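Along the sequence shown, residues are numbered consecutively beginning with 1. Remember, it's a predicted structure, so these values are computed and weren't measured experimentally.
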Amino acid sequence: MANKNQHNKKNNNNKNYKGNNSKKTSTIVSECSYSEGITVKELAEKTNINATDIVKFLFMMGKMITLNSTLDDDTVELIAMQYNITITKEETVDSNSLEDEVVDNPEDLQPRAPIVTIMGHVDHGKTTLLDFIRKTNVTASEFGGITQHIGAYQTDVNGQKVTFLDTPGHEAFTAMRARGAKMTDIVVIIVAADDGVMPQTKEAIDHARAAEVPIIIAINKIDKHNANIDKVYNDLADYGIIPEEWGGQTMFAKISAKSGLGVQNLLEMILVLAEVLELKANPNKLATGTVVEAKLDKGRGPVATLLLQNGCLHTGDSLVAGCSYCRVRKIIDDKGREVKVAYPSQPVEIIGLNSVPEAGDHFKVFESEKRAREVANNRAEEKILQERRNSNGMSFDDIAYQIQEGNLKEINLIIKSDVSGSAEAVKSSMEKLSNDEVKISVIRATAGAISESDIMLASASNAIIYGFNVRPDAKIKKLAEENKISIRLHNIIYKALEEVEAMMKGMLAPVYQEVVLGQATVRQIFKVSKIGTIAGCMVDDGVIKNGCGIRLIRDGVVVYTGKLGSLQRFKDNVKEVKAGYECGLTIEKFNDIKEGDIIEGYEDQQVKDETNAS
C-alpha cells in the first residue's frame with residue numbers, strides 16, 4: 001500500500017511539473033537577443049516557443065530542419081515576425097579574429113614607409129613604370145598575356161623606403177584591384193596621354209575612393225606624338241578629379257615610364273604626400289598584416305607573400321594567415337635575400353605554412369604555436385560551416401541538360417588553382433557570365449591541389465570543380481566518380497569561360513578530345529649518362545601507354561607537360577603497363593623527376609569523358 005501511495009505521489013509530482021512547464025512554454029517572450037549560429041532548440045528555449053512548432057513553421061516555408069539545425073539571420077527574423085517578437089543579434093567578440101585590435105600608445109609609434117598601389121587601365125604602363133623604378137622585369141613569367149600574380153616591392157627614394165604594390169590591369173582582376181586599394185596608403189592611377197580615361201581607369205578611381213585613399217594621377221606616354229594631356233585633364237575633371245593647378249586637391253605628374261622622364265618628380269610627390277599623412281606603426285609588437293599573394297610551390301610547399309602593416313615578424317614566430325598556420329621557417333625579402341626580421345610596410349615571402357592561405361587574408365602572430373594552431377583550426381571549421389550554409393552531385397552533362405530543359409537556375413562552381421590570385425580572377429570572370437536565366441555562383445575559390453574536402457563540398461552543393469594548372473590524384477578522381485562530380489581541368493581562363501558559356505546555352509558537344517589514361521607514382525630515380533633520368537614507377541590507376549602524352553605532377557601542381565620517351569617492364573620495352581604493375585620510364589627532353597612525383601598519361605580520343613577536360 002505504501003508503494004502504491006508513493007507511486008501516486010510521484011505521478012502527481014510529474015503532473016505538476018508538466019503543468020508548470022506547459023505554463024512556462026505558453027508565454028512567448030516579447031523580445032530577446034540571439035548570437036551567431038543559434039540552433040532551433042536554443043531559439044525555442046530563449047523565446048518559450050515550442051521547438052516542434054518552429055520546425056513545423058519552417059517546413060511549411062519549404063525549409064527542412066531538425067532541432068539541432070543552425071539558423072541564419074534571415075530565418076531567425078522570419079520566426080520572430082511570425083510570433084511578434086522583437087529580436088536583436090548580439091555582437092560577439094571573435095577570439096579567432098586576425099585583425100589588429102590593440103590601440104597603440106602614440107609614444108610607441110615610429111614612422112613607416114608608405115605603401116603605394118599602382119592602378120589603371122590595361123596597357124597604360126603600370127608594369128613599365130614599376131620596371132623603371134625597380135629595374136627588373138616581371139612580365140617574363142606572365143601566362144596567356146595577363147599578369148596573374150600580384151607583386152609587392154620596396155625601393156629607396158631619396159634615402160627613404162617606399163613599398164609598391166602592383167595590381168594587374170585586366171578586367172578579370174577587378175576584385176584583386178579592390179583588395180589592393182584596401183591595404184594601401186596612396187594610390188597612383190596611371191593614365192595614358194594618347195588613350196585618355198578608360199573604363200578601368202574609372203574603376204580604379206572608384207576603388208580608391210571607396211577605400212578613402214589619397215590619389216596621385218600619373219599621365220604616362222607624354223612623349224608620344226598623339227599625346228593629348230588637356231583631354232586627360234578634362235576627362236578626369238568630369239569624373240571629379242581636379243588637379244592642383246586648377247585649384248583642386250589632386251597631384252598630377254606628367255611622365256614617360258619608358259624613358260623615365262618625370263618619374264623622379266612622381267616619386268617626390270609620393271614622399272610629400274606620405275609626409276602629410278604621417279604614416280606610423282609600432283615595431284615593438286607581434287606582427288599583423290595582409291597576404292598579398294599565396295601559392296603552392298613545387299619545391300617549397302605553401303608559400304605566401306605578406307605585407308606587414310604593424311609590428312615586426314621574426315623567424316620562428318607562430319603565425320596564422322586566414323585558415324593556415326605555421327612556425328615561420330624562413331623569411332625572404334623582395335630582393336630574394338633571407339632575413340631574420342621584417343619591419344612594418346615591408347613585403348616578404350614566408351615558408352612553413354601548413355596550407356595555402358587566400359590572397360587578401362589577414363595574418364597575425366600569436367604568442368605560442370599551440371594558440372596559432374587552435375585559432376587556425378577554429379577558423380577552418382567556421383569556414384567549412386559557412387560554405388555549407390551558403391551552398392546535392394550532378395555530372396557536367398546533367399547540369400547542361402537541366403539548363404536546356406529550364407530546370408536549373410543556378411550553377412555552383414569550385415575553383416582550384418596553383419596561385420590564389422588566379423583563383424580569384426577566375427571567380428570574378430565566371431560570376432560575370434550570370435544572366436537573367438542562369439546564375440553562376442562560385443562557392444569556393446582557393447589555391448592548392450583538388451582535395452577530398454572540395455569533392456565533399458561539390459557533392460553537397462551540386463557543384464562543378466574547375467582546376468587551373470592543378471591535377472587530381474587517383475584517389476580524388478575515384479572519389480569524384482563515385483560522387484558523380486565533374487572535374488574540369490584548364491590552364492587558360494578564357495577556354496573555361498567559353499566552356500561554361502556553351503553549357504549555359506545548352507550547346508555542349510558530348511565528345512571531348514583528351515582522355516586521361518592513368519597515373520603512376522615515382523618510387524625510385526636512376527640517372528644514366530647517355531639516357532638521362534629513368535623513373536622507377538608503380539602504376540596506381542588505369543594504364544600508361546608507350547608514346548602517350550604525360551603530365552608530371554608534384555604536390556598536386558603540374559610541373560611539366562610533354563611526351564613519354566620510353567616504357568619498360570624489367571629490361572623489355574612494352575606497349576603499356578596496367579595498374580598494380582611496376583615499370584621504368586623516361587620523359588622526352590626532361591630529367592627533373594623526383595621520388596613521389598605523379599606521372600599522368602593521356603591521349604586524344606573521340607570518346608565521352610564526364611569528369612575531365614583540358
- Aromatic plane relationship, Y233 with F252 - under 30° parallel, 30 to 60° tilted, over 60° perpendicular: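 Tilted, since the angle between the ring planes falls between 30° and 60°.
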Any donor-acceptor N/O pair, [X] side chain to [Y] backbone, under 3.5 Å:
X	Y	answer
S417	V419	yes
N234	D230	yes
D361	V291	no
D334	Q154	yes
N228	K231	yes
N282	N284	yes
S428	A425	no
T163	I115	no
S368	R371	yes

Counting only heavy atoms not in [X] (residues, nucleotides, ligands), do more than 12 fall under 6.0 Å from its [atom1]?
X	atom1	value
Q249	CD	no
E212	CD	no
K335	NZ	yes

Let me confirm one number: the [atom1]-[atom2] distance from [X] to [Y], rounded to the nearest 0.5 Å.
X	Y	atom1	atom2	result
D555	I553	CG	CD1	11.0 Å
I415	E424	CD1	CD	12.0 Å
D297	I351	CG	CD1	7.5 Å
I215	T250	CD1	OG1	6.5 Å
D333	Q346	CG	CD	6.5 Å
S256	L129	OG	CG	10.0 Å

Looking only at non-hydrogen atoms, find the nearest pair between [X] and [Y] and report the distance.
X	Y	result
I255	G262	CG2-O, 3.4 Å
F132	G260	CZ-CA, 3.3 Å
A287	C312	CB-O, 3.5 Å
R327	G316	CG-O, 3.3 Å
A447	A294	CB-O, 4.3 Å

- Verdict with supporting geometry, E499 and L497, side-chain contact (heavy atoms from CB on, under 4.5 Å): CA-CA 5 Å; E499 184 178 275; L497 295 175; over 6 Å; no
Flag for [Y]-[X]: side-chain donor and acceptor within less than 3.5 Å:
X	Y	value
D131	T128	no
S324	S355	yes
H124	D195	yes
T446	E358	no
Y325	E374	no

Whether [Y] and [X] form a salt bridge (side-chain N of Lys/Arg under 4.0 Å from carboxylate O of Asp/Glu) is what I want to check.
X	Y	answer
E369	R373	yes
K89	D73	yes
K202	D238	no
K416	D454	yes

- Evaluate side chain to side chain donor-acceptor pair (under 3.5 Å) for Q309 paired with T288, printing each intermediate quantity in order. CA-CA 6 Å; Q309 287 162 299; T288 56; over 6 Å; no
- Report the residue from R471, R551, R554 that forms a salt bridge (charged side-chain N to carboxylate O under 4.0 Å, His left out) with D597.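 Passing option: R554.
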Please output the side-chain donor-acceptor pairs of residues 271-281 that fall under 3.5 Å, not counting sequence neighbours, one pair per line with the distance.
none

- Taking it one step at a time, do V188 and T117 satisfy side-chain contact (heavy atoms from CB on, under 4.5 Å)? CA-CA 6 Å; V188 173; T117 299; over 6 Å; no
Would you say that [X] contacts [Y] through its side chain, given a criterion of any heavy-atom pair below 4.5 Å between the two side chains?
X	Y	result
R329	T315	no
E367	L286	yes
N378	V375	no

- Apply side-chain contact (heavy atoms from CB on, under 4.5 Å) to V348 and Y343, showing your working. CA-CA 9 Å; V348 291; Y343 298 93; over 6 Å; no
- If you look only at pairs with a residue in residues 340-352, which of them pass as a salt bridge (Lys or Arg N to Asp or Glu O under 4.0 Å), with sequence neighbours excluded?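 Matches after skipping sequence neighbours: R300-E349.
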- Message: According to salt bridge (Lys or Arg N to Asp or Glu O under 4.0 Å), does anything in residues 217-226 pair up with another residue at least two apart or in another chain? List the pairs.
- Response: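 Residue pairs passing salt bridge (Lys or Arg N to Asp or Glu O under 4.0 Å), neighbours aside: D194-K224.
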- Task: Would you sort out whether V500 and I440 count as a side-chain contact (heavy atoms from CB on, under 4.5 Å), showing the intermediate values?
- Result: CA-CA 9 Å; V500 173; I440 304 291; 3.8 Å; yes
- Task: Using side chain to side chain contact (heavy atoms under 4.5 Å, CB included) as the criterion, point out the one residue from V320, L308, L307, I350 that pairs with F363.
- Result: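 It is L308, the one option of V320, L308, L307, I350 that forms the side chain to side chain contact (heavy atoms under 4.5 Å, CB included) with F363.
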